[in-house]
Amino acid sequence: MSARIRVIGKRIIVAIITLFLSMVVSFVMMRETPGNVWQGLAYQMAQSQNIPLVMAYQRLTAMYHYNPNQPMITAFLTYLNGVIHGNLGVSMLNQNVSVNQVIAAALPWTLFVAVIALGISFIIGNWLGVRMAWKRNSFLDPLMTGLSVISHAVPSFVIALVLIVVFSLRLGWFPYNGAFSFLVQPGFNLPFFLSALDYACLPILTYVLVLLGTQAMSMKSTSLAVMNEDYVSAAQARGLRESVIVKRYVKRIAILPQVTGLALSFGGILGASALVETLFNYPGIGQFLTNATNTRDYSELQGLFLFQAVCMIVANLIANVLYAYLDPRVKTEG
Amino acid sequence: MSVVVRFFTTIYYNKKALIGFILVVFFVLMALIGPLFFHFSTAIDYSARLDPPSFAHPLGTDFAGRDTLTEIVIGSQQVLSVAFWAALISLSAGVVIGILAGFIGGVVDEILMIIINLVLTIPSFSLNLILAAIFSVTSPVAFGLLLSVTAWAPLALGVRAQILSLRERDYITVARLMGLGKGYILTRELLPNIVSYLTINFIQSASGAVQASVGIMLLGLVPYSVTNWGQMLNIAINQNGGLSNPSGVYYMLSPILALTLFTFGCFLFANGIDDFFNPRLRTS
Amino acid sequence: MEDSYILKIANLNVDYVTRGSVVHAVSDVSLSIPAGKLTAIVGESGCGKSTLTTALLHYGMGQRRGAILYQDKDILKLKGEELRKFRWSEISMVFQASQSALNPVMRVGEQFIETYREHDRKVSKKAIVEKASQLLEYVRLDPKRVLQSYPHELSGGMKQRVMIALSLLLDPKVVILDEPTTALDVITQDAIFDILLKINREFNTTMILVTHDFGIVAKVADYVAVMYAGQVVEYNDVRRVFKRPQHPYTKGLIESTPSLLSNNEEISEIDGTPPDLRNKPQGCVFHPRCPIARPICSREIPAARIEGDGMVACHAYGHPLYAQESNIEKVGG
Amino acid sequence: MGALMTIENVSMTFQMKKNLIGGPAPQVHALSEVNLEIPQGSIVAVVGESGCGKTTLGKAIVGLQKPTGGRILYDGEDLYNMSGDHFAQYRKQVQMVMQDSFAALNPMRSVGQALAVPLQKLGIVKGRKAARDRVIALLESVGLVPGEQFLAKYPHQLSGGQRQRVCLARAISLSPRLIVADEPVSGVDVSSRLSILKLMSSLNKELGIAFVYITHDLSTARYIAGQGKLAVMYLGRLVEFGDLQSVLDRPRHPYLRALLTAVPAPDPDLARNRPPLPLKDLDLPDATRLPSGCSFHPRCPLAAAGRCEQEVPQLHMVGASAVACHFADMADIS
C-alpha cells in the first residue's frame, strides 16, 4: 500500500471520529444544557396557552417526537439514526419544513458566494504574494499590507456595512437586499443567473476583502522563505529563466501550505456568514442560522450547526488529501 | 536598563507599535475612568434625535436625542471587560492545556489533541451565537466565558507546538542533565521563550473577542443594553434605517469607528511587541 | 607558464547592504585561475569565499565592483539572456548544501531535462536522458533508479553525486566546488574527491574548490588561495603553501590542524576571532590576531608581493626580522 | 585506576512509529551489545561515521535514554536502577557538552543567568553575590577573561568558540567527574578548534574530569585522547577498542583501516600517494535492514563467504586491543 494512501486513510478515520464527536456535541448542547431548551419551551407553552405543564410536555412530544423521559442514550441513538439516514428533523417554527429542506434551499447560495470568493482570493492572493516576494518593494507591498491590516483589524460585518453604504446606497452600483431580483424568474435562465451574480457581488467582495490581504501576505512570507532555500539560488546558478524559477520552484512549493490554509479560509467564511448574510439579507446558511437563533428554533439550529461542522470537516479532509497529492515528500508520517 | 524604560524605548523606535499602544491605552483608559466623567441619562429628547456632530455632541445624538459620545464611553466599559475576560479565560485555558499536552506528552497529549482538533473543527462563531441565545448571558465574565468556549483551542495548539519545539532544544536537555527540576525548566527555561507569544495572543484574543461580542450584539442576541457598541449598531441598522436614512449614518458610524480603532490598535501593538521580548533586537 | 589562465579576477569587491550597515564580504581580491587545474580557496566561515564563488556566476545578492574576465568577457558586465546562458554552460557549481540544492518536488530526471532545455531547446528529451545517464554512471550511480527518484529518496552522498553529474551536464569549462563534502562522512568524502579528481584529469575541467579543511586541500589542490576577512592573503602552488607558508595566517591555520600522522606536539591555535566584516580593523586585517604584528601592520594595508608563481600580502614578507620573530613566537607558544 | 563507568552489553533498539493502517514497523538497531569501560579521569574518544550509534551511546551514558538491553554501571551501581539520592548525585557528576553551542544556550537568558541560577537552585552556592563571584571564576577558568564582561552577554553576542567555552563552564560548575562531549568543535571556527580541545585537555589534567569525546574526526580524537582510549564504532557495534596510541599504530579492524586511509593528511605529498580505499562498496547499508552476521561484510575486502555473513564477530583481544573481526589477525598481512 502506498504511503500516500495510508496518510489519506488516516485523515479519513480522524474525520469520521471528529464527525461523530460533533454529533455528540450538537446533541448534548441542545438537550442537556442547564435550563434545558425543551424545559424552557414547555414552561413557555404552559404559560402562554394556559395549560398544565404535563400537557405542554405531551404536546411537545407529539410535535417534535421529543420525549423527556427517554434515557439520553436512547434519544441519542434515535437522533443518530435520523442523521445517518439524512434526516435532520423538522423546523420547530414551521412543521411543514424539514431542516433538510432549509439546508437544500440555503446551501447553494452560501456555496455560490463562498466558492467564488475563495477562488478569487486564493488565485489573486497567491499570485500577488509571489510577485511581492520576487519583486521586492513594489507598489503592491503597501497596498497588500494595508489589505492584510484590514482583514486582521476590521471585523467582517464592518466591511459589509461600509460596502453596503458606499456601493449600494450611495453609489447605487450593486443591489444588496436578497439573492436575486424579484423581477426575474428563478430557474436555468440567463437573466436569473446575471441577477444572482449582481446580488452576490457585494457579499463576495466582503469575503475577498477579508481573505485577500492575509492570503497575499502569507504567500509572500512563505515565498520569501522558499526563495531563501538553496534550491532557488541553485536554480539561478543553473541558468534557468526567472519565469521558470518563479513558477516551478517558488510558486510550486510555497503554495503547498496555502492549500492547507484553504480549509481555514473556508471556515472563516462560514463563521462570518452568519453576520454577513444577515446584513445583506442573503438567504444562505448563515442567515438561516441567525434567524433560527433569534426565533429559538432549536431543531433547525441543531441541524444547521451540525451541517456547518460537517462542511468544516470535509473542507479539512479535502485540503489534507490535496496536500498529500501535491507534495511528493508526504511519505511516511502525515 | 529597567524593564519599563526598555519597553518604552522599544515602543518609541517602532512607530507602528507606538500608534497601536496609544490606541489601546486610550480605549483602556476610556473604559476605566471614562464613566467617571460621562454620565448616561435615560432622558429622551426626540427633538434632538440623530443629530449630526456638534460642539455639544461631538459624535452626534442617538435615536432618542442622547449624546452618542457618552454612549460610546459607557459602552466601552462593557465591550472591553468582555474582551478582557474572554482573552484571560481563553489564554489561561490555552496555556494550561497546551503546557499539559506539550510538557507531559504521551496519552495525555493524545487525548488533549483529539479534543483540541475537535474544537478547532467546530464553527466557532455559530456556536457562540447559539450559546448566547441559549444562556442569555448578562455579566461580562459569563459573556467572556462563552466566547472562550472555542477560542482557547488555537491558543492551546500554539502553546503546545511552542513547548514541543522548545522541549527538544539542547539547553533544555542540559538543564535536565544538571538535575534541575521540572519546575525550574518550566519557569526559567520555557516560559521566557513563550512570554512574547502569550502577550501577542492575549492582545489578539482581546481584539477577536471584541469583534465576536459586538457581532453577536449586532444580531441582537444578548439582552438589551443600549450603550453597548454592538447594540448601538443593531439599533442603527434595524430600527433607524441607518443604512437608508442619511441622518442615521453618524449614529451608525460612531460604534464602527470605535470598534475599528480599537482592533486596529491591538493589531499594531501586537505586531510590534515582539521586538521588546527578543534579546537580539534589544537596543544596547 | 604561458597565458593559461581561464579566469582572471581583478580588484573584486562585494558588499552586502543590510539595515543601515555595509558588510564588506570580499575586498579588493585579484586572482587568476589556471586552466585545467584545481585551485582551492581556503578560509574560515565568513571569510568571503562563498561570496566570491557566487560572484563568478554573477547571481544572488551583493553589490559587485571590479572585473572577472572569462575568455576576454567580463562576467560582471553580462546581462539578461547572455548572462543566463553563460551560467552553467560555461561555469557550473556543486553546492555546499547539495542536499538542498535540488528542487524537492521534482524528480531528478526532470531537473536534468529542465536544465538542459533552458540552455538548448532543440535537444530531444531522449538525448538528454542518455547524457544524464552516462554522467550518473560516471559518478557511480544507477541512472534508472536515480532519474525516477525525488531528491528526498536519495542519501546525502548520492545527492552530492547527482549534483556533480548535473554540474557536468552542459560540458562547462569550469566547475566550482563549494564545500562539496561538509555534511558527508570521511569515507564518502574520499570517494567523491576521487571522482572529482578523475573528472578534472579526464575532461580537463578547471575546478575551483572552496573549503575550510586543509587536509582536503593537501589531497586534491594544485594551487591554493588563502582568504581571510574578505581578502586573499596568500596564493601559491600547493606544495609551497604547505612546506613554506609565507603569511602568518596560513601558517597558523596549517599549524592548528591536528594530524593523524604526527604527535601534534607542535600545533597551536590562532588567538582571537575573525573580525566583524562591517567594521574591519585598520591596516592589515589580520594584525589583531597576528603573532608577529608590528606597529606598521595596524597603519598600512600590506601590498601583495610576488612569491614564486603566487603572491603574499604581509608586511613581514621578505623582511629580515620575519624569520627571527616567528622563531621567538614558537619558543614562547 | 578503577572504572568510573562500565557499559555492559548495551543495546538500543528503536521501534519506528506504526501507522494506523497496518504496514510492518521497522526497527532500528542504534546500538548492539556494546561493551566499554571508562576509567576514572581518562579520556575515551568514540569515533565513527554518522549513524554508527556514537551519539546514542553518549545519550545512554548521560542517562537521557534508557538502553533496551544491557546495563550501565556508574561506580558499580546500575544507572537505571539507582536510588533517588544516588541518581541526583549522578546527575551532577555526569555532564554533557553538545555540538551546537547556540542551541545549547537559552537565547533569552544571559550568560550570567544561565550559569548562576542553577548554582543557587542546586544549593552549590548561597546568595546572589557568591553565585556571581563563582560564575566569574568559572568563566575565567575556561578562558573567558575578564569574566565580568561576559555576564550580561546573550548567546547571539558571542562567537562559536566563546559559546562553547560558556557551555564548558556550565558543565564544570557542578564539579562533575565525567563530561560527555558530542562533537564539541565541529561548530567552531577552524582556527579556534584547537583551543577548545586544549581547554578540555587541561580540564582533564587539572581537575581530573574524565571525558568521553564523541567525534567523526580521527585527527582531533588523536589530538585530545593521545594518552587515552579509542573506541571505533560501526553500525551500532563497537568494532575496535584499546589505547589510542596502540590502536592507531596497529589498526586491526578492516573498517578502521578504511577510515584511516580516507582521512586526508595535511601534507600534499603524503595525501597523494596513499593507497586506494580498501572497500568493496561505498554506501552504508540501510539502518533498518542491517546485513546479517558481521554488518561490515558487504563492504569488507577480507570478508570470507560462509563465515562473515552468518556469524557476528565478538570483541576479543588481539595484541593490545579488542577487535570484533573474524580475521583480525590476518588483517596484518593485507
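Remember, predicted model here, so these are calculated numbers, not experimental data. To find a chain, count down the sequence lines: A is the first, B the second, and so on, and within it residues start at 1.
- Contact count against chain D (heavy-atom pairs under 4.5 Å) is highest for B:Pro192 among B:Pro192, B:Gly181, B:Ala175.
- Put simply, CG on D:Leu122 and CE on B:Met178 are 6.5 Å apart, with the number rounded to the nearest 0.5 Å.
- In terms of heavy-atom pairs under 4.5 angstrom with chain B, the leader among D:Lys92, D:Gln95, D:Gln93 is D:Gln95.
- Put simply, of D:Arg109, D:Met96, D:Gln99, the one with the most heavy-atom pairs under 4.5 Å next to chain B is D:Arg109.
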Please step through side-chain contact (heavy atoms from CB on, under 4.5 Å) for the pair B:Asp170 and D:Phe102, ending with a clear verdict.
-> CA-CA 9 Å; B:Asp170 285 349; D:Phe102 195 72; over 6 Å; no
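- Residue B:Leu177 holds its CG atom at 10.0 Å from CG of D:Leu174, rounded to the nearest 0.5 Å.
- Sparse packing is recorded around NZ of D:Lys66, with 12 or fewer heavy atoms of other residues, nucleotides or ligands lying under 6.0 Å away.
- For the set D:Gln113, D:Lys121, D:Arg170, the entry with the most heavy-atom pairs within less than 4.5 Å of chain B is D:Arg170.
- Of the two parts of D:Leu105, only the backbone, made up of N, CA, C and O, holds a non-hydrogen atom closer than 4.5 Å to a non-hydrogen atom of chain B.
- Atom CE in D:Met98 sits 4.5 Å away from atom OG1 in B:Thr173 (nearest 0.5 Å).
- D:Asn106 places a side-chain N or O within donor-acceptor distance of the main-chain N or O of B:Glu189, the cut-off being under 3.5 Å.
- Considering only heavy-atom pairs separated by less than 4.5 Å from chain B, the leading option among D:Pro155, D:Pro118, D:Ala171 is D:Pro118.
- B:Tyr171 and D:Pro107 make their closest contact through CE2-CD, 3.6 Å (heavy atoms, listed as atom of the first residue, atom of the second, distance).
- Taken to the nearest 0.5 Å, the CE atom of D:Met108 stands 5.5 Å off from the CG atom of B:Asn193.
- Contact of D:Val94 with chain B is made through the backbone alone, with heavy-atom distances under 4.5 Å.
- Both the backbone and the side chain of D:Ala103 come within contact range of chain B, judged by heavy atoms closer than 4.5 Å.
- With a 4.5 angstrom heavy-atom cutoff, D:Ser173 touches chain B only via side-chain atoms.
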